[in-house]
Novice: 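Dumping the structure here so I can ask a few things about it.
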Protein chains: 2
Amino acid sequence: MSSVRAIADELGVSVATVSRALNNHPGVSEEMRKRVLQTADRTGYRPSVGRKPTNVIGLAYPNEPVRADFGAFEAVLLAGVLEGVNERKFDLTFINVNRDKNRSETYEQFFNRKGVRGVIVRPLDNSGMPEAIAADGFPMVLVADRSDDPRVNFIDSDSRRTSRQAVEHLIGLGHKRIGLAIHRVADSDHRDREAGYRTALSGAGIPLEESLIVRAEASPEGGAMMLMSLLEQETPPTAIYFTNPLSTVGALHKCLQLGIRVPKDLSIVGFDDGDIRMRTFPRFTAVCQDAQALGLEAARWLTRSLTGEANGTFREIRPTTLAVLDSTSFPPLTPVRLSERSRVVQAT
Amino acid sequence: MSSVRAIADELGVSVATVSRALNNHPGVSEEMRKRVLQTADRTGYRPSVGRKPTNVIGLAYPNEPVRADFGAFEAVLLAGVLEGVNERKFDLTFINVNRDKNRSETYEQFFNRKGVRGVIVRPLDNSGMPEAIAADGFPMVLVADRSDDPRVNFIDSDSRRTSRQAVEHLIGLGHKRIGLAIHRVADSDHRDREAGYRTALSGAGIPLEESLIVRAEASPEGGAMMLMSLLEQETPPTAIYFTNPLSTVGALHKCLQLGIRVPKDLSIVGFDDGDIRMRTFPRFTAVCQDAQALGLEAARWLTRSLTGEANGTFREIRPTTLAVLDSTSFPPLTPVRLSERSRVVQAT
DNA sequence: CTGGACGCTGGAACAGTTACACTGGCGGGA
DNA sequence: TCCCGCCAGTGTAACTGTTCCAGCGTCCAG
């Protein structure tokens, strides 16, 4: 293991210069900084202040500032992560990567500077950050997403299979026209859910109609909008799969408002990260993702990996489950259709 | 500012002994540890590893492990705290006090060892922890609770006044029998809400009936239970104040299940930390606490205090607000009463 | 009585950071 | 042209705290 003094000796400079270069302090030339960083990287330098080991892992958010709309999913995920790090008596700290990371430092240097031994990465966009961290050789695990890069450890849930089951459940009840209400941005989760939907339809020989697929924000308002937009069509669907908890809640709320009886008039399958499906009326049939388990297992593996109890790469895809509750039933004799003025009318 | 070497010189011992004593390492006599700690306390010892300043504040939870039932309130509060620490480019780390704090070390030593410059304290019981931290002189702010100790900085919201307004709102609509559904453990929040209820009733000259006050867990199930228990009474209330978001959600859900029309058959006032009141059916009239602002202002003050932009003590009581939505109306001609078998019947 | 185990302590070497001094190049004014 | 001052860049040394290993005394078993 190299030290600032080893690096200083090798380059023929002083430890002060090395320290300044490593910490992005002013007063050191760009040329010298580059040489120091190269040597540090090559010799595998890790700072160890006073040799004291610190048992902290970071929760790395790429976006700044950390999302204000701290939704249910994030909260449940966090609860799992906290439980997981607690098992090995690690601490958890939030790290705002975009805010603090210097352009010229590697991820390994950045996280070392932050004093964490490993990171749980929660990406919100396609930044390539997980791959870059893994390439730097820093202990990491990506949570609630996946990567093709073989160096990236991750845990994700696959909602494709269960999404297919959910739609097949609707088909089995007799539904022929099934809508899909999906998040506007197509991350891997929502691609899975759409793929499951398409597979179920084609498996049952039901022709796919692009007009039955609508997109909006993953919010209650978005859910209400997608519901309306589907039910205002000429021949509306008799069942809808909402691929997101918040949009499901919004749609169910709108149904109560409009007097649409679920599941008598319309069947709804939703998506659930926690237990929201139990709190709506009616309780809704849902594709369920155990967000807490995702965070728990990610933190567990990372901490065990750091204590030497685990090794190798970690690539886990957890299945989701289908919970059939009260929002799905047989299709109505006459499907519900909304007029332009958002009033309930009977379809012809 | 003293250092381990200064303490060692003063006591005539070695720095190794001082370091061991300060970090609760084995291999140092209890007598020696006590002397070292006394001297450290007296000279105002603060560790500064390599003189590197660290801008981290801790979120101190007294209970272990950190609550698994990470509810909406905690999540919203945390979102505010994260936003607040972000403003001054501080980091946030979770600190599990019961898990890590050694019995023989002071809070100041403990937090210094953890590497945080200040703490936001979120107590879940009457542990006396906030007072002890303040007595140690460590920068702290208590959030979502208050203390009589003049050294304790805190931010809390006062739901007493608005609770009174809420009940007066019901009285103004013509309600005479108003139930109170309250959390089983009487923390300062729930004491406020009960006090507001009592004040409103006595102000309107309505005699208080203890049978109209019921207590249960702050959960959807608890809310449903309290609803049932109130509506099964001989002369049930025509309006109920649920002092907690989750119990309100549970009660409204139960009403939909039982066919009780809110607000036509029964008026309900709830409590909201975020925007849950907008997601239920009907949207419920609520005493609203801005949990995000609580966390935001706590973090803001603490970080500003650490950067020298603020000083003095911080004691803020934020008012709650009454949001009148769709769950409150005039009392019904014949109040709803539930039989023992939980079926809707008409009261005589 | 003696040897080993053990508890406690100190010396020294280690980790990284930073105040201060120094050097050399550059520009501007006499 | 020359000299002074400034400034960027670097080194020296002093500082922070931690830990390995040796030493010293005590106590107990053989």
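The sequence lines fix the lettering, A, B, ..., with proteins before strands; numbering per chain opens at 1. Note that the coordinates shown come from a computational prediction; the quantities given were computed from them, not determined experimentally.
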Novice: Quick one: is D/dT16 close enough that its OP1 or OP2 comes under 4.0 Å of any side-chain N or O from B/Ser3?
Specialist: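 For D/dT16, OP1 or OP2 has a side-chain N or O of B/Ser3 closer than 4.0 Å.
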
Novice: Need to verify one output field. Residue with the more 5' nearest nucleotide on DNA chain D, B/Val18 or A/Ser14?
Specialist: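 This one resolves to A/Ser14.
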
Novice: Quick one: label A/Val13 by what it contacts on the DNA or RNA (base, sugar-phosphate, nothing), any heavy atom closer than 4.0 Å.
Specialist: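 Here A/Val13 touches the backbone only, sparing every base.
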
Novice: Below the 4.0 Å mark, does C/dT9 have OP1 or OP2 next to a side-chain nitrogen or oxygen of B/Thr17?
Specialist: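 For C/dT9, neither OP1 nor OP2 has a side-chain N or O of B/Thr17 closer than 4.0 Å.
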
Novice: To the nearest Å, how far apart are B/Glu31 CD and C/dC8 C1'?
Specialist: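 Those two atoms, CD and C1', are 13 Å apart.
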
Novice: Could you tell me the separation between the CZ atom of A/Arg33 and the P atom of D/dT10, rounded to a whole number of Å?
Specialist: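 One finds 10 Å between P of D/dT10 and CZ of A/Arg33, rounded.
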
Novice: Assess whether a salt bridge exists between B/Arg300 and B/Glu297, defined as any Lys/Arg side-chain N lying under 4.0 Å from an Asp/Glu carboxylate O.
Specialist: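 Judged by the 4.0 Å cut-off on N to carboxylate O distance, B/Arg300 and B/Glu297 do form a salt bridge.
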
Novice: Per the side chain to side chain donor-acceptor pair (under 3.5 Å) rule, which among A/Arg146, A/Gln289, A/Arg318 passes with A/Ser157?
Specialist: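 Testing each of A/Arg146, A/Gln289, A/Arg318 against A/Ser157, the sole residue satisfying side chain to side chain donor-acceptor pair (under 3.5 Å) is A/Gln289.
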
Novice: So what does B/Ser19 touch, heavy atoms closer than 4.0 Å: a base, only the sugar-phosphate, or nothing?
Specialist: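 Here B/Ser19 touches the bases of the nucleic acid.
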
Novice: Provide, to the nearest angstrom, the distance between the CD atom belonging to A/Glu30 and the P atom belonging to D/dT10.
Specialist: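 After rounding, the reported distance stands at 11 Å.
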
Novice: Quick one: is B/His25 getting a side-chain N or O under 4.0 Å of the D/dT18 phosphate, OP1 or OP2?
Specialist: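 For D/dT18, OP1/OP2 do not have a side-chain N/O of B/His25 under 4.0 Å.
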
Novice: Looking only at side-chain atoms of B/Ala16, point me to the closest of C/dT17, C/dG11, C/dT18.
Specialist: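 Among C/dT17, C/dG11, C/dT18, the one nearest the side chain of B/Ala16 is C/dG11.
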
Novice: Return the value, rounded to whole Å, for the distance between atom CZ of A/Arg20 and atom P of C/dC20.
Specialist: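 A/Arg20 atom CZ is separated from C/dC20 atom P by 14 Å.
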
Novice: In whole angstrom, what separates A/Met32's CE from D/dT10's P?
Specialist: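 Rounded to the whole Å, the gap is 4 Å.
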
Novice: Students often mix this up, so state it plainly: with edges at 30° and 60°, are the rings of A/Trp301 and A/Phe314 parallel, tilted or perpendicular?
Specialist: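 Parallel.
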
Novice: Consider the side chain of A/Arg5, meaning its heavy atoms from C-beta on, and name the nucleotide among C/dA15, D/dC21, D/dG11 that approaches it most closely.
Specialist: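 Shortest atom-to-atom distance from the side chain points to C/dA15.
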
Novice: To the nearest Å, how far apart are B/Asp9 CG and D/dT16 P?
Specialist: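 So the CG-P distance, B/Asp9 to D/dT16, works out to 10 Å.
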
Novice: Taking atom CZ of B/Arg99 and atom NZ of A/Lys89, what is their separation to the nearest 0.5 Å?
Specialist: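 Interatomic distance, B/Arg99 CZ to A/Lys89 NZ, rounded to 0.5 Å: 6.0 Å.
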
Novice: Say you draw a straight line from CD1 of A/Ile120 to OH of A/Tyr61; how long is it, rounded to the nearest 0.5 Å?
Specialist: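 If we round to the nearest 0.5 Å, A/Ile120:CD1 and A/Tyr61:OH are 10.0 Å apart.
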
Novice: Between C/dG10, C/dC8, C/dA13, which one does the side chain of B/Ser29 approach most closely?
Specialist: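 Selected nucleotide (nearest to the side chain): C/dC8.
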
Novice: Round to the nearest Å and state the distance from B/Ile7 atom CD1 to D/dT16 atom P.
Specialist: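 These atoms are roughly 11 Å apart.
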
